[in-house]
Amino acid sequence: LRIAAAADLAKALEDLTAWHQAKTQQPATVTLGSSGLLARQIAQGAPFDVFFSANVAFIDNLIAQGHGLAASRTLYGRGRIVLWTKAGGILPPEGLADLTDPRFQRIAIANPDHAPYGLAARQAMQQSGIWEVVQSRLVYGENVGQTLHYAQSGNAEVAVVALSLAIPTPGGTWTLIDDRLHQPLDQGLMVLATSRQRQASEAFVAQVTSPEGRAVLRRYGFVQPGETLDPALLERAHGRLPR
Amino acid sequence: MIDLDLRLHRGAFPLTVSIHLAGAATGIFGPSGSGKSSLLHALAGLLPVDALRLVVGGEVLVDTAADLTPPAHQRRIGLVFQDHRLFPHLSIADNLRYGLRAPAGRGPAWQEVIDLLDIGDLLDRRPEHCSGGQRQRVALGRALLAAPRLLLLDEPLASLDRGLKRQILPYLRRIRDRWQMPLLVVSHDLEEVLSLSDELLLLANGQVAGQGDLMHLASDPARLELLHDAGLVCLMPGIVDHHADGLAWVRLTGPGHAHLACANCTAPVGSPVEVLLHPDDLILARPPIGEALSLTNRLPGRILQITRSPSRCLVAVDLGADRPVLAEVAERAITALGLTIGDEILVLAKAQAVQAR
Amino acid sequence: MIDLDLRLHRGAFPLTVSIHLAGAATGIFGPSGSGKSSLLHALAGLLPVDALRLVVGGEVLVDTAADLTPPAHQRRIGLVFQDHRLFPHLSIADNLRYGLRAPAGRGPAWQEVIDLLDIGDLLDRRPEHCSGGQRQRVALGRALLAAPRLLLLDEPLASLDRGLKRQILPYLRRIRDRWQMPLLVVSHDLEEVLSLSDELLLLANGQVAGQGDLMHLASDPARLELLHDAGLVCLMPGIVDHHADGLAWVRLTGPGHAHLACANCTAPVGSPVEVLLHPDDLILARPPIGEALSLTNRLPGRILQITRSPSRCLVAVDLGADRPVLAEVAERAITALGLTIGDEILVLAKAQAVQAR
Amino acid sequence: MTPETWTPLLLSLEYASLGLALAMALGLPLATALALGRWPGRDVVEVVVTAPLILPPTVLGYYLLVALGRSSPLGQAWEGLTGSSLVFTPTGCVLAAGLAALPFVVTATRRAMEEVDPRLLAAAATLGAGPWRRFRTILLPLARRGIAGGCILGFAKALGDFGVTLMVAGNIPGLTQTAPLAIYDAMLSGQDGRAAGLAAFLTAVGLAVLWLVNRWARPQRPRDGAT
Amino acid sequence: MTPETWTPLLLSLEYASLGLALAMALGLPLATALALGRWPGRDVVEVVVTAPLILPPTVLGYYLLVALGRSSPLGQAWEGLTGSSLVFTPTGCVLAAGLAALPFVVTATRRAMEEVDPRLLAAAATLGAGPWRRFRTILLPLARRGIAGGCILGFAKALGDFGVTLMVAGNIPGLTQTAPLAIYDAMLSGQDGRAAGLAAFLTAVGLAVLWLVNRWARPQRPRDGAT
Ligand SMILES: Nc1ncnc2c1ncn2[C@@H]1O[C@H](COP(=O)(O)OP(=O)(O)OP(=O)(O)O)[C@@H](O)[C@H]1O
Ligand SMILES: Nc1ncnc2c1ncn2[C@@H]1O[C@H](COP(=O)(O)OP(=O)(O)OP(=O)(O)O)[C@@H](O)[C@H]1O
Ligand SMILES: [Mg+2]
Ligand SMILES: [Mg+2]
């Protein structure tokens, strides 16, 4: 099985494929990338079986163009964004409003022009009224992974990244951003129309959407609408809820 | 043997040569910058020409008017360059081998060429590890071994000493005769040229300033200066008659059976040689003269021609040989001895001043 | 004037030279590959040496033993290369200007050099658009204009015709005298060398095979052959006494006040000249001799030395000039005339065979 | 070292080598034509060959993907011929590597050939050597160092190509995931150690190859300026 | 054309030019030392300089970010000195461009200098020219074409640099968003038309610059092989 997936799924898919392989003896390889690029490759006939997008819009587009099986379209979770700060450095922000403090000289977000998490970050900043102040301090990562690197390497005091990335990344503390401040980050997957292993693919998708699968996803912060995050998980991963 | 019509220009310099060369070899000389190298390069196909027709031994090699313009590598015209142009990345042996053709004796033999040019020790070296003269010899060898139909030599012996020159020149003559390889030789040294050929081509400013044998060229006062700059000499063919007292006696070919004594000639009896005489070494005398002179040669002859240029007088004397000798004498001596055309006269020369080879 | 101790090796070729040179100029000759170029390059600082001590005019320029080894550009030793080495990206004018030093008359003047070498027309060209001889002249000019303390010339005139050589050589002599610029000249042409210097250095196989003036070198039968390969000549200093009948009469310097007639000499009366005599042009005679000869010069002298090599005999005759003349005669003539050392004798020469410059 | 580490490295070396071979196969004749030909527009062609350097690789890769993709005429012709597609296969990797190397091969070769003394070529012609023989025995050996220099840079570039390979070949582990892609992946998935290890390895192997080629192309002895 | 289109192009040209200048300032002396020096390890140094070609740009960019970043000693020293950081500023763009150009400048210059006939340098020495004058008047002019060739490639590479600039300079519109970044962003955000337009423009401008340099560095007349 060849799985193409948005970069923020790196860890979650590692667990999922390992678990799936243990169960079915079927190996699966994962190609990570930006959802936008992967979608373009799939439109050009890339030989993947399953596509996990960070933005369900890409899935809908591909299905509309006939590159995906409409029946396989599944929302596997809703993304959240967090304020990530390197541990042991400056005092972490307790919420978005704190970003106006001059100790945050550089704030990294993903490029809002094309990265869903970046767009969400911008919406949240605008919504909470700090956009005008922080705009000149922003630096833009190509994707959430790179955005996180800015903060990890100490070049940005804080980065707005995906919760799914913050959870498995050691060395930092983070604060969840209220999801009412941005439009929902609905994340979807599909089986490709060109897949040569359609049954296996569908079986894999079924596994992922099974309760056990969802539990794995939830461990990385992918919750379904209405679900809440497990506080113990937050605790373990040095995260906290906004003030 | 060679017909040649050429027009070209290099920048502002035009070169026009239109000649018929009868001999198997022709010497080309003229002042620096007169177009000698350009002529050779054009014949070899290395220079764009305005018009060129080249006929060698009846075969039309190039004719731009008839669109017969084979590229250089199909002309089989060899060229020894003024700057040797050895291939820097190849050993001397590989340089020599580069143009090697027809191992089955169609041209000069490998070992022969190497021995002649004394380059056997260099074969494994790179050109950069050879001296200037060594490179020049290798370049000559490389051209010879390619066995061309026509061989062009651009000052092939310029930085070699006389010893080496005297060794190489007869060999070139042999090449010319044995392989019917016509030669065009550029040189600033008339002695060098004449030992290969009777026929001379004199260039000046991209024009033919004179053509023909020495006698003919020397008959024109204007050309005499140019000839002098190239070192005027006479060459006479002959055969070694006998040796005596360390001297070789040479019988000049021709009706007169004139005999000349040469020092420093070790050619065996019966072998053909060329005798080289410098006009300013020859002394004219009216008989009789005394014996108390270290002068071995005393040849009777008749005055054929007297050429006077502002700075010198040249007297051509018929010794009954194939061609006349030229003697350069003072104006004053012509008056004192009362020399006129048709006079019977003695030509005197030291045996040491006569070279045979 | 120059003291020189050198040891080096190039690959398997060792060169060892240890000499004292008294004159302002020295001619270096020897077979191809004997180490002439290597010697010059080592002096100029372009070759790694095993040991070198060079003293010019009392000044120690290089001494490896004392760790005095200035790099080439600080030696102020000029070198005219066997391959001209013009800078391809610079015009001829810029090439000439490259080493130009001391515009305030410390060395040869710009216009003078350009006129002498006849390169005025080339100034705007690139070297690639010049003929071989033109490049050689520019290279010479470039070295002259750099006004070095010592000038090394590696076959500087090899591909020039005699006319140009005869024009350039006296100028080099003037350079040497006027700017006290010592010269070391490599040449395969003894005539060229001797017109610049009395002192000769003969190299063979990387060793000094002989050193000194011509007379000295010629006294050794073994070296006679090498001298001959280089074109044996004698040079005698003199002063133009008067002109008559198109001949210049030159009084040789020395106690004897010997007078010689030369053709083709236009130097004004009173000017110093060098008279060039070819040993094989000189005729020895026992007086009296007749008048019916086109022979103008009849000089009395005394035999100083007779050298016999297997192939030639050389007789040195004292004419009462600064140095003796050498005459090459046949063994047979020596016997016939019964020549022995100390004999009074006449030396005969045609005016045409005598060159003065 | 696990095969997980080795595979991308080996793939990289393989594709970079094949890519260089492809670039040389196309580039050497082109460069020769540029160096020796007298046709107009030569400079324009050379400059166009360097164009791939200027565009962001991913963008270039995308355009390439569209041009060679499975729905393009070229891609379909190839697929009809060989049964496998040009893109998302090792072929795509080789194409990407070749494209990365091409500018270096072409410009260096052209320049090196133009530096060869034309007088030596003329001399070879008078010795009877035709164009092909002159090319083989004089031009190529004397231009060797310059060409090798271009190939070295080209190989390095091919080895390090990321954006074009990513787009055209698709980062499929074990098939088209070359070392640069694997390093990037490792970094994305937070395996910084693996990324650093792979990067160090790739650099070391790449540099070793370059160093060897460099040695081979360099003259043995230094030349002095004498004689 | 809107300023939105122009700004990245102008920034790109500016940073690429400055980057090339930086690469030349560092690279020419280094290359000279490589070409003329006799010290051991020269080849190793040259090969190390080419290393940036081999690593995937984003990875390289990350390492650079760590090495020059605001919390690194180097970055802090610079910030103390100038008051502004090395990264996320135009300085970062210039650094990235310089790093992209350096391998080309160094390798091409070294090679071109080594091709210069040492006999001409020897001749210049006998005419009294010291090392510096020989360098300026003989070595540099004769190596000019090769050096220009390297600079052309280097400039192209600097102009097209994506990954390193992205990491080090932070893609800030109007400040550090160079043309390649803008093209990439436009493409990913679905503005295919704008991406294609920018790409065409960048390529055209870049190639025009290259073509001019190329013309300048090339000899006027073709040489024949005669005389
Ligand atoms: N780079 C080198 N490496 C090794 N040997 C060399 C090198 N250059 C010259 N030689 C050898 O050293 C010897 C002397 O060479 P050199 O150039 O000094 O001779 P030369 O006397 O100038 O000869 P020519 O009259 O032919 O120019 C020759 O035998 C030559 O083959
Ligand atoms: N590439 C060129 N472009 C323009 N003019 C040139 C070129 N090469 C030579 N010339 C000129 O053409 C003329 C003839 O040159 P050529 O080399 O044929 O002379 P040459 O007779 O061989 O002289 P030398 O005896 O000095 O070698 C010279 O005046 C020279 O300056
Ligand atoms: Mg010539
Ligand atoms: Mg020499």
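Order of the sequence lines sets the chain letters (A, B, ...), proteins ahead of strands, with each chain counted from 1.
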For B/Arg125, which atoms come within 4.5 Å of any heavy atom of chain C: side chain, backbone, both, or neither? neither

Separation between NE2 of B/His278 and NE2 of C/His278, rounded to the nearest 0.5 Å: 7.5 Å

Over all atoms of both residues, closest heavy-atom pair of B/Ser131 and C/Ser32: OG-OG, 3.7 Å

Heavy-atom proximity to chain C below 4.5 Å, by part of B/Glu155: side chain

Identified side chain to side chain contact (heavy atoms under 4.5 Å, CB included) partner of B/Lys350 from the options C/Leu348, C/Leu284, C/Ile283: C/Ile283

Using a 6.0 Å cut-off, check whether atom NE2 of B/His243 has over 12 heavy atoms from anything other than its own residue. yes

Given that the side chain runs from C-beta out, which part of C/Leu346 has a heavy atom under 4.5 Å from chain B: side chain, backbone, both or neither? neither

Sort B/Leu122 into side chain, backbone, both or neither according to what part of it lies under 4.5 angstrom from a heavy atom of chain C. neither

